[in-house]
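None of the values given here were measured: they were computed from a predicted structure. Letters A, B, ... are given to chains in the order of the sequence lines, protein chains preceding strands, and every chain is numbered from 1.
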2 protein chains.
Amino acid sequence: MGITKTQIFNTEQNELAIMFKVLSNPARIAILQYISQQNACICNDIVDEIGLAQPTISQHLKELKSIDLIRGEIEGKKVCYCINLKQWTAVQTLLNSFFETTKDNCC
Amino acid sequence: MGITKTQIFNTEQNELAIMFKVLSNPARIAILQYISQQNACICNDIVDEIGLAQPTISQHLKELKSIDLIRGEIEGKKVCYCINLKQWTAVQTLLNSFFETTKDNCC
DNA sequence: TTTTAATATTGCTATATTACGATGATATAT
DNA sequence: ATATATCATCGTAATATAGCAATATTAAAA
């Protein structure tokens, strides 16, 4: 999306934006939901489940990994992805606290 | 961002993605924080506060309005923006419930 | 009514994103 | 060793986004 002037914003603002951005795509939402439903990890059943090409899924997984929301464990030829619960909760807390703080200031 | 294949995802997934997307920019985060801190509404002090050109701010405000997160009240020449608390809370609940549901399924 | 101030809209450029085919890397299976 | 399956990376096309200058719009003020 064009150049974002990250320099003029503080770390918190930039980090919040990055987390929101990683989640701002329906494919990535679907991937997260699917991975979580498999309880255990899964691999590129994701490709079959979601209707996108394998490279596309792989790229989305990479973005989810970039903020450590999921982890990929190599098992032979396959890679099993699962939600990183610790980071998941941390992100949830961070976003939630943004909502709370803003709400408190407001009215 | 290139074409997103929204057709292959369900309404919930697409709506979540849209909300995350609106919040996925540090300028919009900063605008929301600033508006909320002013307690009452403010106008284009936002332009002075944030270091971006007036058209850019105007565009960001439009995107925030698109999901009804803020409201602009016209007061003569000026427009006073404020957080729409009802929608703010609704979005918070929706996102939070996404985090919770996914977490519950997971482990 | 003309000017001025505040905001929105338009048009443009530069860069990011989504998606995919082709290719590369790696590990099991034959 | 060779083939096959799984996944990642590269390169590229199409589209979206961020930002701004210029311009339009609107309303108070002169």
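Applying the side chain to side chain donor-acceptor pair (under 3.5 Å) rule to pairs touching residues 52-63 of chain B yields Arg28(B)-His60(B), Arg28(B)-Glu63(B), sequence neighbours excluded.
The distance between atom NZ of Lys62(B) and atom P of dA6(C), rounded to the nearest whole Å, is 22 Å. Summarising the geometry, the separation between CD on Glu75(A) and C1' on dT28(C) is reported as 14 Å, rounded to the nearest angstrom. Atom pair Ile50(B):CD1 and dC20(D):P shows a separation of 12 Å (rounding to whole Å applied). Taking atom CD1 of residue Ile46(A) and atom P of nucleotide dA8(D), one finds them 9 Å apart after rounding to whole Å. For Ile3(B) and dT17(C), the CD1 to C1' distance is 11 Å, given to the nearest whole Å. Between Gln59(B) atom CD and dG19(D) atom P there is a gap of 8 Å when expressed in whole angstrom units. Atom CG in Leu64(B) sits about 15 Å away from atom C1' in dT17(D), given to the nearest Å. Distance Glu73(A) CD to dA8(D) P: 14 Å, rounded to the nearest Å.
For Val79(B), the listed nucleotide lying nearest its side chain is dT7(C); candidates were dT7(C), dT17(C), dA8(D).
The salt bridge (Lys or Arg N to Asp or Glu O under 4.0 Å) test applied to Asp45(A) returns no partner, not counting sequence neighbours. Remark: Val79(B) engages Ile74(B), Tyr81(B) in a side chain to side chain contact (heavy atoms under 4.5 Å, CB included) (not counting sequence neighbours). Every residue two or more places apart in sequence or in another chain that forms a salt bridge (Lys or Arg N to Asp or Glu O under 4.0 Å) with Glu100(B) is listed here: Lys103(B). Here Thr6(A) pairs with Thr4(A), Asn14(A) under the side chain to side chain contact (heavy atoms under 4.5 Å, CB included) rule; sequence neighbours left out.
Applying the 4.0 Å criterion to OP1 and OP2 of dA29(D), one finds that Lys77(B) has every side-chain N and O outside that range. When the side-chain nitrogen and oxygen atoms of Lys78(A) are compared with OP1 and OP2 of dT26(C), none of them lie within a distance under 4.0 Å. Note on His60(A): a side-chain N or O is less than 4.0 Å away from OP1 or OP2 of dA19(C). An OP1 or OP2 oxygen of dA6(C) is reached within less than 4.0 angstrom by no side-chain nitrogen or oxygen of Tyr81(B). The phosphate of dA18(D) has OP1 or OP2 within less than 4.0 Å of a side-chain N or O from Asn25(B).
The stretch residues 51-58 of chain B touches DNA chain D through Leu52(B), Ala53(B), Pro55(B), Thr56(B), each having a heavy atom within less than 4.0 Å of the strand.
Closest non-hydrogen pair, Gln87(B) versus Ile67(B), comes out as NE2-O, 2.9 Å.
Both Ile8(A) and Asn44(A) sit near DNA chain D, but only Asn44(A) has its closest nucleotide nearer the 5' end.
Between Val22(A) and Phe20(B) there is no side-chain heavy-atom pair separated by less than 4.5 Å.
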